[in-house]
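Worth knowing before you read on, the calculation uses all heavy atoms, side chains too, and leaves out hydrogens, waters and symmetry mates.
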Amino acid sequence: MVGIQAVVMASFTRLARTKLTFALAMSAVFFTLGGNFAMAPTVTSGIFGVAQAAQIYSTLFFAFAIAAVSGTFVTKALLASGWGTVFTTMAAASGVALLLNTQLRQVD
């Protein structure tokens with residue numbers, strides 16, 4: 001999901017040139033967001049165990065709230081350089097998340 005999100009964000013300015021490709025790109029963005037929300041509880045319990053899953057998932061869910069609020073300020077700051085910078089930065093953030101996800105290991 002995060003890999004798809006990174007690719008869509010990196011190519012968003014090119015995809016947004018027509019109404020059709022803009023709609024497809026936006027659908028892909030919402031698809032990946034929904035996919036992340038849907039997979040997170042299962043993956044969290046699979047990695048950290050059922051006993052720890054609720055506490056860790058609540059922290060993860062709280063991080064989404066922080067990102068939503070802070071994302072507004074980051075976007076406004078980056079917008080001075082143009083929308084391309086905004087989407088490149090978001091793609092880079094998704095790329096970092098993808099790299100971090102590859103380091104997750106199941107806790108015994």
Side-chain angles (χ1 to χ4, degrees):
M1 289 280 100
V2 177
I4 294 169
Q5 184 177 4
V7 170
V8 171
M9 286 295 183
S11 57
F12 196 86
T13 54
R14 287 183 295 283
L15 291 172
R17 291 183 181 157
T18 69
K19 289 180 182 181
L20 176 63
T21 56
F22 175 78
L24 293 172
M26 286 304 300
S27 296
V29 168
F30 285 119
F31 168 78
T32 57
L33 179 64
N36 286 326
F37 272 115
M39 291 185 338
T42 305
V43 172
T44 302
S45 65
I47 292 173
F48 298 104
V50 177
Q52 299 287 326
Q55 183 178 7
I56 293 171
Y57 181 70
S58 66
T59 303
L60 175 66
F61 198 78
F62 183 70
F64 278 113
I66 297 296
V69 172
S70 63
T72 303
F73 299 110
V74 171
T75 300
K76 284 183 180 180
L78 293 172
L79 199 51
S81 299
W83 282 108
T85 304
V86 173
F87 290 112
T88 301
T89 303
M90 298 304 171
S94 296
V96 169
L98 180 62
L99 292 174
L100 290 173
N101 285 336
T102 63
Q103 302 304 309
L104 292 174
R105 302 287 183 254
Q106 187 169 358
V107 176
D108 294 325

Show the nearest heavy-atom pair for residues [X] and [Y], with the distance to one decimal.
X: Gln55; Y: Ser58; value: O-OG, 2.7 Å
X: Met1; Y: Gly35; value: SD-CA, 3.4 Å
X: Leu98; Y: Val2; value: N-CG1, 3.6 Å
X: Ala6; Y: Ala91; value: O-CB, 3.5 Å

Output, in order, the C-alpha distance, side-chain angles, deciding distance and verdict of side chain to side chain contact (heavy atoms under 4.5 Å, CB included) for Met26 and Phe12. CA-CA 9 Å; Met26 286 304 300; Phe12 196 86; 3.5 Å; yes

Validation row: Leu15, Phe87 side chains within 4.5 angstrom (heavy atoms): no

Listed partners of Thr85 passing side chain to side chain contact (heavy atoms under 4.5 Å, CB included), at least two apart: Leu78, Ser81, Thr89

Let me confirm one number: the OG-CG distance from Ser94 to Asn101, rounded to the nearest 0.5 Å. 10.5 Å

List the atom pairs, with distances to 0.1 Å, where a side-chain N or O of residues 27-34 and a protein N or O form a donor-acceptor pair under 3.5 Å, not counting sequence neighbours.
residue	atom	partner	partner atom	Å
Ser27	OG	Ala23	O	2.8
Thr32	OG1	Ala28	O	3.3
Thr32	OG1	Val29	O	2.8

What class does the angle between the rings of Phe61 and Phe64 fall in, given that below 30° is parallel, 30 to 60° is tilted and above 60° is perpendicular? perpendicular

Other than Val7, which residues form its hydrophobic cluster under the rule that side-chain heavy atoms must be closer than 4.5 Å? none

Linking Ile, Leu, Val, Met, Phe, Trp and Tyr by side-chain heavy atoms under 4.5 Å, what else ends up with Val96? Leu100

Go through it in stages, so that I can follow the logic: the residues are Met90 and Thr75, the test is side chain to side chain contact (heavy atoms under 4.5 Å, CB included), and I'd like the CA-CA distance, side-chain angles, deciding distance and then a yes or no. CA-CA 9 Å; Met90 298 304 171; Thr75 300; 3.8 Å; yes

side-chain hydrogen bond (donor to acceptor under 3.5 Å, both in side chains) filter on Thr18, not counting sequence neighbours, yields Thr21

Only residue of Thr72, Val74, Leu79 satisfying side-chain contact (heavy atoms from CB on, under 4.5 Å) with Lys76 is Thr72

Between side-chain atoms of residues 37-54 and protein atoms elsewhere (two or more places apart, or another chain), which donor-acceptor pairs fall under 3.5 Å?
residue	atom	partner	partner atom	Å
Thr44	OG1	Ala40	O	2.6
Ser45	OG	Pro41	O	3.3
Ser45	OG	Thr42	O	3.0

